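As structure tokens, the structure follows; a few thoughts come after it.
What you see is a predicted model, and the numbers here were worked out from it, not measured in a lab. Atoms within each ligand, like the ligands themselves, are counted from 1 in listed order.
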Amino acid sequence: MALGEFDLIRQFFCRDSGPDGRGVVLGIGDDCALLQVPEGKQLAVSLDTLVADVHFPATAAPGLIAERALRVNLSDLAAMGAEPLWFTLGLTLPASDTNWLRDFSQGLFRVADEYKIKLVGGDTTRGPLAFSIQVHGAVTPGQALLRSGAKPGDQVFVTGPVGDGAAALAIIQQQLVDVDSAAYNYLLNRYYRPEPQLKAGRLLAGIASAALDISDGLMADLGHICTRSGVGAEIVAERLPLSDAVSRYVDPQQALNWALSGGDDYQLCFTVPEAKVGLVEALARQHRLPLTAIGRIVDGTGVRCLWQGRPLMVAQTGYQHF
Ligand code: ADP
Ligand code: MG
């Protein structure tokens, strides 16, 4: 059944339940939301747009695409060392399909509740299926994790396995077959429900010299840190952490390629000055964060990967829209 715009917003996006909106003076329903930034904090803001048949198939399960989209946005807050506060949603729909909307909003609020981020407004229009999510987070001035602070001698870390996103995509595209159900479920879950590394980001704020989340592939993303910091990086292929699923079912050459160049992992890649490596390792033990040191920042430009001590040629450098 078709719904009017205001009924649609009321039915699917206004809720009394869910996380208490910290600092929400006025939520959905007026011309603007009114939001109080926590005392002494800066606002971190990030926006992502997803277009049907570019970023997801138009027929994909709406709950899954909503869930994934919000998780990916939360990953940007994690990469900044920010605490999630609020988000807004811009939704363009070809029709007001109540089944689609129910599934979409349930997926969205599942994640919003898990990470305690509150929907405070948005916009709803008719047109080809697409949506934008803008997240807002709080960060202490001077402690945000930028891409620009890496220095030669810093160690390079990742927060968890790399290559899972590419392996999952290969399963979805039926290029990787014959994996057992545990590996299948693990990889698809990693793809549709990437875990924003908020805890790691929060702990590293004010300690790591640079950080970002790996969305386009480790080589390409670490390359962004290098460019912004005016440095180069060397990573050691043998140290790259791989999941059991990838180690077991993907041949080592392919696994290495996916770990270096595959996208959609949403782990953090960050750099730490030598003097603070002990502190970071202690925090990792204390909070059970599986951090792995994978290389070093060096003088120069660009990212090199060493394999058995020799430079490895890596073909692909991440996904670009233009
Ligand atoms: P305006 O015409 O002033 O832009 P709208 O009619 O677009 O206002 O929106 C009315 C209220 O509903 C606003 O508070 C807006 O933030 C909220 N809203 C609209 N669409 C959404 C949505 N998809 N999710 C959450 N809030 C929404
Ligand atoms: Mg509007």
- Regarding Arg102 and the six-membered ring of Phe12, is the cationic atom NZ or CZ under 6.0 Å from the ring centre and inside 45° of its axis?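 Pair Arg102/Phe12 does not count as cation-pi.
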- Message: Does the structure place the NZ or CZ of Arg68 under 6.0 Å from the centre of the six-membered ring of Tyr191, at an angle of no more than 45° from the ring's axis?
- Response: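 Judged by the rule, Arg68 and Tyr191 form a cation-pi pair.
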- Message: Looking at non-hydrogen atoms alone, which of Ile28, Asp30, Asp31 comes nearest to atom 13 (C) of ligand 1?
- Response: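 The residue whose heavy atom sits nearest atom 13 (C) of ligand 1 is Asp30.
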Which ligand 1 atoms does [X] reach within 4.0 Å, using its non-hydrogen atoms?
X: Phe6; value: 6 (O)
X: Thr124; value: 19 (C), 20 (N), 21 (C), 22 (C), 23 (N)
X: Gly29; value: 11 (C), 13 (C), 14 (O)

- Decide yes or no for Val231 and Val298: does some side-chain heavy atom of the first lie under 4.5 Å from some side-chain heavy atom of the second?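 When only atoms from C-beta onward are counted, Val298 and Val231 do not touch, as no gap falls below 4.5 Å.
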- Would you please test Arg248 and Asp180 for salt bridge (Lys or Arg N to Asp or Glu O under 4.0 Å) and show each step? CA-CA 10 Å; Arg248 270 196 295 146; Asp180 73 9; 3.3 Å; yes
- Proximity of Leu89 to ligand 1 by residue part, where a heavy atom lies under 4.0 Å: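 Under 4.0 Å from ligand 1, Leu89 contributes backbone and side-chain atoms.
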- Item | Side chain, backbone, both or neither: the part of Thr88 lying under 4.0 Å from ligand 1 by heavy atom |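 Contact part for Thr88 vs ligand 1: neither.
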- Message: Would the distance check show the side chain of Asn73 and the main-chain N or O of Ala69 forming a donor-acceptor pair, the cut-off being under 3.5 Å?
- Response: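 Yes: the side chain of Asn73 pairs with the backbone of Ala69.
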- Would you check if the side chain of Thr124 reaches a backbone N or O of Leu91 as a donor-acceptor pair within less than 3.5 Å?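 No; judged by distance alone, with no hydrogens or angles, the pair does not exist.
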- Task: Using non-hydrogen atoms of the residue, decide whether Phe12 is closer than 4.0 angstrom to ligand 1.
- Result: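 Flag not set, Phe12 not near ligand 1.
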- Would you say ligand 1 has an N or O under 3.5 Å from any N or O of Leu119?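 N/O-N/O distance below 3.5 Å does not exist for this pair.
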